[in-house]
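To keep things clear, I will list the structure first and then write my remarks on it.
Hydrogens, waters and symmetry mates play no part in the numbers below; they use all other heavy atoms, side chains included. First listed ligand is number 1; within each ligand, the first listed atom is number 1.
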Amino acid sequence: MESSLPDLEAILLVGGQGTRLRPLTLGTPKPLLPTAGVPFLAHQLARARSFGVRRIVFATSYKASMFEPVFGDGSSFGLSLHYMTEETPLGTGGAIRNAAQALTSAPDDPVLILNGDILSGHDIGDQIRQHVDRSAAVTLHLTEVDDPSRFGCVPTDPSGRVTAFLEKTPNPVTNRINAGCYVFTRSVIDGIPAGEVVSVERETFPGLIDDGALVLGYADRTYWLDVGTPAAFVKGSRDLVLGRLASPALPGPSGEFLALPGAVISPEAKVMGGSTVGRGSVIEAGASVVGSVVGDACVVAGSVTDSVIGDRARICAGAVVRDAVIGDGAVVGSGNELQAGVRVWPGVELPECAVRYSSDV
Ligand code: GDD
Ligand code: MG
């Protein structure tokens, strides 16, 4: 069960470039992309707060100045938020070390560290309790995936002790991976070299293991998703709308779709599968929107499935969009059939045609 721990501090890693989510991340950093109606991070902030986190330091780099105008001092979330920006990206370890300058925790206190692109249903309170009970240096949340080669592969011994950390190895020895939520004892953060590019995955964790420090795994099989690709991003949004992962930040009841204020959905349109329809968007009669994220001020008359539609985009009647990303202000004319990872860059207009199957445009 979720329970709170007093005055816990956290660092949120939000400095990555989100290259795999282009063109969505050309103008907006990944952690701010609208997800189930709110900026992605709102879900992480609300969840962290539900476990007793009260003070969070954002470790920013890419588009750093965009975070504070959205979240401010955090009071609307019941949090105290602080922002630490790297002049040049310092990697995950360097970012943690840099952000730690804004922590108030004592050397023996646990500090929560969160990758800024993860949706997780695990019990953070229980992870922290195990860390404290066993006096670990670091405790890593671990989950299991089908393809561990895209993640940090983390074997453990029967006591839960991490025996190796193999970042993006072509030959993973287990399906158990680093799920991107750590508890660090504060003094261990202070041991990371300051002002240098450091990767926790490639340097800090392997170094601690080599030195014999207790690095612990907290393995669990609850909901977990890294939203770093378009397909995963759409899945995360629809799972939140459908209620597969409960989020205190969802701006409405869970269900087949979430319509934001000013959205107009024709009674003759089909909108389902955890779709979000953005502010002022119009879904016309005959349109179909399934499992998708439709931005603000869009007009959809065609068929959209498992896709992200940027703000002010138009999907005309007779157009088919599936597993695709449509940039802000783009127009997909009738007859275009866009599938399987197609990305349409912002402002591009695909004119009406007989039938056209397209790759990147
Ligand atoms: N401030 C700052 N500075 N943040 C950074 C930097 C940096 O230089 N580099 C990356 N980040 C942030 C990203 O914004 C993201 O929130 C987090 O660190 C992880 O970076 P990703 O680029 O998303 O890494 P990944 O998904 O390939 O791999 C990481 O996450 C996996 C789980 O999803 C690793 O931690 C893997 O070991 C792990 O399995
Ligand atoms: Mg990631």
Side-chain angles (χ1 to χ4, degrees), residues 10-22 24-25 28-33 35 39-41 43-45 48 56-67 82-102 112-120 122 138 140-155 162 164-169 172 174-182 184 189 192 194-206 209 215 217-219 223-233 235-236:
I11 293 173
L12 201 44
L13 292 170
V14 291
Q17 295 205 10
T19 44
R20 289 168 296 178
L21 281 175
R22 284 179 187 159
L24 299 174
T25 46
T28 308
K30 172 166 64 171
L32 297 184
L33 290 176
T35 311
F40 179 80
L41 281 187
H43 299 289
Q44 281 189 314
L45 294 181
I56 299 186
V57 183
F58 282 40
T60 63
S61 174
Y62 179 67
K63 297 198 183 291
S65 63
M66 292 184 74
F67 290 88
H82 304 266
Y83 303 86
M84 291 296 282
T85 300
E86 299 137 53
E87 303 254 306
T88 55
L90 291 175
T92 46
I96 293 169
R97 180 69 172 84
N98 187 58
Q101 297 174 81
L112 190 69
I113 315 277
L114 299 163
N115 281 0
D117 60 351
I118 301 292
L119 290 173
S120 174
H122 83 289
V138 182
L140 313 177
H141 176 217
L142 308 179
T143 189
E144 280 183 30
V145 294
D146 292 336
D147 177 12
S149 66
R150 297 192 295 119
F151 300 96
C153 174
V154 185
V162 173
F165 194 105
L166 310 161
E167 181 67 8
K168 311 219 166 82
T169 173
T174 168
N175 284 43
R176 206 164 259 182
I177 59 136
N178 168 30
C181 171
Y182 321 124
F184 268 73
I189 298 177
I192 298 172
E196 288 178 24
V197 177
V198 180
S199 160
V200 277
E201 296 88 348
R202 296 181 192 277
E203 296 165 70
T204 311
F205 297 146
I209 295 163
V215 178
Y218 178 84
Y223 184 97
W224 184 85
L225 188 70
D226 173 331
V227 300
T229 63
F233 174 73
K235 176 174 164 42

Of all heavy-atom pairs between [X] and [Y], which one has the smallest distance, and what is that distance?
X	Y	answer
Ala164	Ile209	C-CD1, 3.8 Å
Glu201	Phe165	O-CD2, 3.2 Å
Thr25	Leu33	CG2-CD1, 4.1 Å
Pro172	Ser149	CG-N, 3.9 Å
Asp117	Lys30	OD2-NZ, 2.9 Å
Glu86	Gly91	OE1-N, 4.3 Å

Per-atom contacts of ligand 1 with [X], taking only distances under 4.0 Å to non-hydrogen atoms:
X	result
Ile118	33 (O)
Val14	14 (O)
Pro89	8 (O)
Gly91	3 (N), 7 (C), 8 (O)
Leu13	12 (C), 14 (O), 15 (C), 16 (O), 18 (O)
Ala95	1 (N), 2 (C), 3 (N)

Is [X] touching ligand 1 with its side chain, its backbone, both, or neither, if touching means heavy atoms under 4.0 Å apart?
X	answer
Leu90	backbone
Lys168	side chain
Trp224	side chain
Tyr182	side chain
Val200	neither

Geometry only, no angles: is [X] polar-contacting ligand 1 at N/O separations under 3.5 Å?
X	value
Arg150	no
Ser61	no
Ala179	no
Gly116	yes
Gly152	yes

For [atom], closest protein heavy-atom neighbour:
atom	result
atom 1 (N) of ligand 1	Glu86 OE2, 2.7 Å
atom 22 (O) of ligand 1	Arg20 NH2, 4.5 Å
atom 23 (O) of ligand 1	Asp117 OD2, 2.8 Å
atom 37 (O) of ligand 1	Glu167 OE1, 2.6 Å
atom 39 (O) of ligand 1	Asn178 O, 2.7 Å
atom 13 (C) of ligand 1	Gly16 N, 3.6 Å
atom 4 (N) of ligand 1	Gly15 N, 3.0 Å
atom 26 (O) of ligand 1	Asp226 OD2, 2.9 Å

Does any non-hydrogen side-chain atom of [Y] lie less than 4.5 Å from one of [X]?
X	Y	value
Val200	Phe184	yes
Ile113	Ile189	yes
Lys63	Thr28	no
Val154	Val215	no

**Request:** Could you check which of Thr85, Thr88, Thr92 puts a non-hydrogen atom nearest to atom 9 (N) of ligand 1?
**Result:**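 When every heavy atom of Thr85, Thr88, Thr92 is considered, Thr92 comes closest to atom 9 (N) of ligand 1.
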**Message:** Heavy atom to atom 35 (O) of ligand 1, shortest distance: which of Lys30, Arg202, Glu201, His141 holds it?
**Reply:**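 Closest candidate by heavy-atom distance is Glu201.
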**Three-point angle Asp117:OD2, the Mg ion (ligand 2), Asp226:OD2, rounded to the nearest 10°** =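 Rounded to 10°, it measures 110°.
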**Prompt:** So how far is it from Ile11 CD1 to Leu114 CG, rounded to the nearest 0.5 Å?
**Reply:**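 Here the rounded value is 10.0 Å.
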**Request:** Starting at OG1 of Thr169, measure out to CZ of Phe151 and round the result to the nearest 0.5 Å.
**Result:**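 Rounded to the nearest 0.5 Å, the OG1-CZ separation comes to 14.0 Å.
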**Message:** Is atom 20 (O) of ligand 1 touching the protein, meaning some protein heavy atom lies under 4.0 Å away?
**Reply:**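 Given the 4.0 Å cut-off, atom 20 (O) of ligand 1 does not count as touching protein heavy atoms.
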**Asked** For Gln17 and Thr19, does a side-chain donor sit closer than 3.5 Å to a side-chain acceptor?
**Response**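 Absent: no donor and acceptor within the cut-off.
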**Prompt:** Should the ring pair Phe67 and Phe58 be called parallel, tilted or perpendicular, given that the plane angle runs from 0 to 90° and is split at 30 and 60?
**Reply:**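 Answer is perpendicular, since the angle exceeds 60°.
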**Asked** Around Gln101, counting heavy atoms of other residues, nucleotides and ligands shown, do more than 12 lie under 6.0 Å from its CD?
**Response**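 It does: Gln101 CD has more than 12 such atoms within range.
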**Request:** Go through Leu140 and Phe205 one step at a time and tell me if the side chain to side chain contact (heavy atoms under 4.5 Å, CB included) criterion holds.
**Result:** CA-CA 10 Å; Leu140 313 177; Phe205 297 146; 3.6 Å; yes
